[in-house]
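So you know, we letter chains A, B, ... as the sequences are listed, proteins then strands, and number each from 1. Note that the coordinates shown come from a computational prediction; the quantities given were computed from them, not determined experimentally. These numbers come from the heavy atoms of this one structure, side chains and all, not from hydrogens, waters or symmetry mates.
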Number of protein chains: 2
Amino acid sequence: MTVEGRTWAGTTLTDRRAMRRRQLLDAGLDLLGSGGSGAVSVRAVCRQSKLTERYFYENFADRDELILAVYEGVVHDAHRTLVEAVDTAGRGAEARAEAAVTAFVTLILDDPRKGRVLLLAPLADPALNRRGTERIPMFAELVREQLSDKVDEGDRAMTATALVGGLANLFTAYLGGSLDVSRERLIAHCVRLVLGANALHS
Amino acid sequence: MTVEGRTWAGTTLTDRRAMRRRQLLDAGLDLLGSGGSGAVSVRAVCRQSKLTERYFYENFADRDELILAVYEGVVHDAHRTLVEAVDTAGRGAEARAEAAVTAFVTLILDDPRKGRVLLLAPLADPALNRRGTERIPMFAELVREQLSDKVDEGDRAMTATALVGGLANLFTAYLGGSLDVSRERLIAHCVRLVLGANALHS
DNA sequence: CTCAATTGACTACGAACGTTGTCAATCCTA
DNA sequence: TAGGATTGACAACGTTCGTAGTCAATTGAG
C-alpha cells in the first residue's frame, strides 16, 4: 500500500503528507478567518489548498475536525507567543501585562486571520461552542493570575470575565478599524485595564 | 386579487397577515436564539411557525431579511425597555445604571432567546455583520452618556468599547450558566463597572 | 523497462437549501 | 348556491454540501 522511505518529486512521503496537512490547515484558517465557519466547506478548503477531497479525508475525519484543528492550532501559537513574551519580560505586574498585550496585538495585526479566529470563532461557530472552547483562553489565564486572591471567588470570576470581554472587544474593534487610536495608546489602555481590575474590589 | 374588508375565520385579512408575520418572526427568534443563524433556514422557520413558504415570501424578500427583522425587533424591544427603566429611575448616575442593568438582566433571563440574539447574533451572523450591526447598541449608548466628556475622544471610545465588551461577556457567561453568582451580585458588579469606568482616565 | 506506489481529476449519491410554482380544498360574499 | 378570494400541502428546479468511490496518468525502485 504505502511505502515510507520512497522519495517523490524530491520529497519523502512524510514530508508531502505534512505539507498537505499544512496546506489544508492554512486554507481552513483563511476561510475561518474571513467568512466565518460557514465559509469552511470541504470543497472550499480543497479549492483553496489546491488539493482534493482524498487528502482532506486522509487528514481529517470530517469538516468539524478540521475547524477544531485550525482553532486549536491558532490558540496554541498564540499561547506560546504570549508565554514567551511574559517570561521574557521583567517580574513587575506592569511589565508582564504590557508584554502580553503587546504580543497579542502584534500577533493579530501580523495575521488578522488569526485575530479573527481567536476573537470571534469560539463565539460564532457551532462546532467550537459545543466543545466548550473558551474565549481567548490564554488571556483568561493571564488575567486570573493577575487578580488578587484575597477577594471572594465570585467577584474574581466576574472581574476576570468582564476583563476578558473588555479586552476582546477592544481588540476586535481595533482589528475591524472602528477604533481610531494608535497601537501604542491601545496597548497602554489595555495595560491600564488589566492593572486596574483589582481596584474594582473595594 | 385581495379584498381587504373581508373576514375569514373570524378575523380580518390585516389581522391574519399580522399574526402570520408575528409567527414567522417568533419562529425566527427561536431558531436564531438557539442554533445561531445557521439554524435559520426558510424551511425550518416554516416548520416551526406551521406556515408555508408562501407566507414566508409574502412577508420577507429572503432569508436575510427575516434574520435582520428578528434582530432589529429584539433590539427595539430591549431599547424600549432600557429607556423606560432609566427614565423611571432617579436622576443619580448609580440609580440609572442599576435600573438599566437590572432591566437588561431581567430581559435576558425572561427570554433567553432574546439574550442570545442580542449578545451573540451580531458577532456570529454574516447577514448581521455585513450591515454593521453594533454589539448591544443600546448599552453602548448608555455607557457613552455615562462617561465624562472632559477626557480625550480616543480614550472615551476605548473605555466605552471595553465596558460594553465586559458587560456583554458577563451577561453571556451568566446566561450560559458559567457564572456561579446570584443575580443581585451580578447586577451590583455591573453597576460598579459602569460607575468605575471614569476612574480609568487618571 | 516494468510494475507498484502515488497522484489528481472526476463521478456519484443522498440530503438540505432557496425560491417559485401548481392545485385542490376551504371559506365568505353576493 | 355559485364563484372568487384565500389557504395549505406539495412538487420542482437548480445549487451546494459531505462523503465515498473510480480510473487514468505520473513517478521512482527493482
Whole angstroms only, please: what is the [atom1]-[atom2] distance between [X] and [N]?
X       : N      : atom1 : atom2 : value
B:Arg16 : C:dC28 : CZ    : P     : 9 Å
B:Tyr55 : C:dT19 : OH    : P     : 19 Å
B:Lys50 : D:dA9  : NZ    : C1'   : 14 Å
B:Asp62 : C:dG18 : CG    : P     : 10 Å
B:Phe60 : C:dG18 : CZ    : C1'   : 16 Å
A:Asp64 : D:dC17 : CG    : P     : 15 Å
A:Glu65 : D:dT19 : CD    : C1'   : 14 Å
B:Phe56 : D:dT7  : CZ    : P     : 18 Å

Could you tell me whether the phosphate oxygens of [N], OP1 or OP2, come under 4.0 Å of any side-chain nitrogen or oxygen in [X]?
X       : N      : answer
B:Tyr57 : C:dT20 : no
A:Arg17 : C:dT6  : no
B:Arg63 : C:dG18 : yes
A:Arg20 : C:dT7  : yes
B:Thr52 : D:dA9  : no

So does [Y] get a backbone contact from the side chain of [X], meaning a donor-acceptor N/O pair under 3.5 Å?
X        : Y        : result
A:Asp155 : A:Val151 : no
B:Asp64  : B:Ala127 : no
A:Arg63  : A:Val40  : yes

Do B:Tyr174 and B:Leu170 touch side chain to side chain, with heavy atoms closer than 4.5 Å?
-> no

Nearest nucleotide by nearest heavy atom, which residue falls closer to the 5' end of DNA chain C, A:Arg43 or A:Leu51?
-> A:Leu51

Between [options], which nucleotide has the shortest distance from any of its atoms to the side chain of [X]?
X       : options               : answer
B:Val42 : D:dG18, C:dT19, C:dG8 : C:dT19
B:Glu53 : D:dT6, C:dA9, C:dT20  : C:dT20
B:Arg47 : C:dA9, D:dG18, C:dC17 : C:dC17

Inter-residue atom distance A:Leu25.CG - A:Leu29.CG, 0.5 Å rounding | 8.5 Å

